[in-house]
Amino acid sequence: MNPIRYERRHYTTGPTAIERLDRLSEVLGGPTISIKRDDLLGLTAGGNKTRKLEYLAADAIKQGADTLITCGAVQSNHCRLTLSAAVREGLACQLVLTEPETGYNPQAGGNHLLFHLLGAEKIEVIASDGDMLAAMEELAQALKKEGRKPYLIPVGGSNEVGSIGYMACAEEIEQQAWETGTPFDYVVTATGSGGTQAGLIAGFMARQSNTKVIGVNVSRDRASQEAKVLELVQSTAEAVGLRGEILPAAVRCEDKNVGPGYAIPTEEMVEAVQLVARTEGILLDPVYTGKAMAGLIGMIREGQFTKEDHVLFLHTGGSPALYTAPQLFLSGEK
Ligand SMILES: Cc1ncc(COP(=O)(O)O)c(C=O)c1O
């Protein structure tokens, strides 16, 4: 037996809901759309990182760590949730943040506010093109000199340990599809550091499911994101002892909705966030799920799905960032 799949902390009670989006499906006139509410996962304000952290925190605890160190943008959902997991486990947490183009604002709200509220032990801000891994290693060296035991978590929690969280999610989706008798043809998700998509692909493969995963890129071009995700599917499959060849065709990433770059708003994102809010009363975020939904809407308008298809949109969270950009949504003005 390969124990890695079973070593897990639990931060959410039960599976997250799958809800039918009948009004949105009707307005778009395409396939049947459902949504998996991973925005309602446990830990502070939920989101996809909670699933990865169930496995990463278990690994840290197993290794005797007393401090989690991770990195991300100033509005990183991953940093917020890593800190939240540390709080839950009685561990310290240090963060490396990259300075935004507009400069670092120590008064910034959203996730940045939560870094302070949840009590990050240290926040180090480095240049936007700085080496996050090197900065984390420096923090780790300093802690080791004090006799402490740091555990480094890569950007987005996307390594083979974190990705197992999304293998578990694929199993959960399969179970829910089984119970309701409605399998999904596609799962559509935002894809950034890649662990969510890679874990889903590996998880559906493990269940021999026919469900296909479509990643909607939030930063890279198609070829580089597909290569990144494929590598992670392969290393995750190897880590858990999954047999069988993983073909590049298993990985599909769409890059039409990145816009000018990571976290830079697009008109399509604003339209998607407004449409889902006004048809279903569900809040998406401007950086990840707004662009992912814009991607899904674009694919529907291009006729890429049939009316008989059943598409599951994965809501990966990110709501704190919504409140950092009110000008995008006030009175519909951009
Ligand atoms: C809200 C949200 N959705 C999606 C993603 C992308 O997930 P992944 O980094 O696993 O590709 C992130 C990553 O930070 C996120 O915060």
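Both ligands and their constituent atoms are indexed starting at 1 by order of listing. Quick note: numbers below take in every heavy atom, side chains included, and nothing from hydrogens, waters or symmetry partners.
Residue Asn77 has at least one heavy-atom neighbour below 4.0 Å for each of these atoms of ligand 1: 1 (C), 15 (C), 16 (O). Numbered from 1 in the order shown, with element, the atoms of ligand 1 that lie under 4.0 Å from a heavy atom of Lys52 read 8 (P), 9 (O), 10 (O). Taking every non-hydrogen atom of Gly318 and a distance limit under 4.0 Å, the qualifying atoms of ligand 1 come out as 1 (C). Contact atoms of ligand 1 toward Thr196: 7 (O), 8 (P), 10 (O) (distance under 4.0 Å to a heavy atom of the residue). Proximity to Gly194 (heavy-atom distance under 4.0 Å) selects the following atoms of ligand 1: 8 (P), 9 (O), 10 (O), 11 (O).
Exactly one of Arg51, Arg88, Glu89 qualifies for a side chain to side chain donor-acceptor pair (under 3.5 Å) with Tyr11. That residue is Glu89. A side chain to side chain donor-acceptor pair (under 3.5 Å) with Thr196 is found for exactly one of Thr191, Thr189, Thr316, Asn48, namely Asn48.
Counting protein heavy atoms only, atom 14 (O) of ligand 1 is closest to Lys49 NZ, 2.7 Å. Ranking the protein heavy atoms by distance from atom 9 (O) of ligand 1 puts Ser193 OG, 2.5 Å first. Scanning the protein for heavy atoms near atom 3 (N) of ligand 1, the closest one is Thr316 OG1, 2.6 Å.
Atom CD of Glu302 sits in a crowded spot, with more than 12 heavy atoms from other residues, nucleotides or ligands closer than 6.0 Å. When the shell of 6.0 Å around CD of Glu231 is examined, it contains 12 or fewer heavy atoms from other residues, nucleotides or ligands. Within a 6.0 Å sphere centred on CD of Gln208, heavy atoms belonging to other residues, nucleotides or ligands number 12 at most.
Side-chain contact between Ile164 and Glu7 is absent, with no heavy atoms from C-beta onward closer than 4.5 Å. Side-chain contact check for Phe313 versus Val216: every heavy-atom pair is 4.5 Å or farther apart.
Proximity of a side-chain donor or acceptor of Asp255 to a complementary backbone N or O of Asp221 within less than 3.5 Å is not detected.
Proximity of Gly317 to ligand 1 is established by a heavy-atom distance of less than 4.0 Å. The closest approach between Gly192 and ligand 1 falls below 4.0 Å for a heavy atom of the residue.
Checked by distance only, ligand 1 and Asn48 come closer than 3.5 Å through their nitrogen or oxygen atoms.
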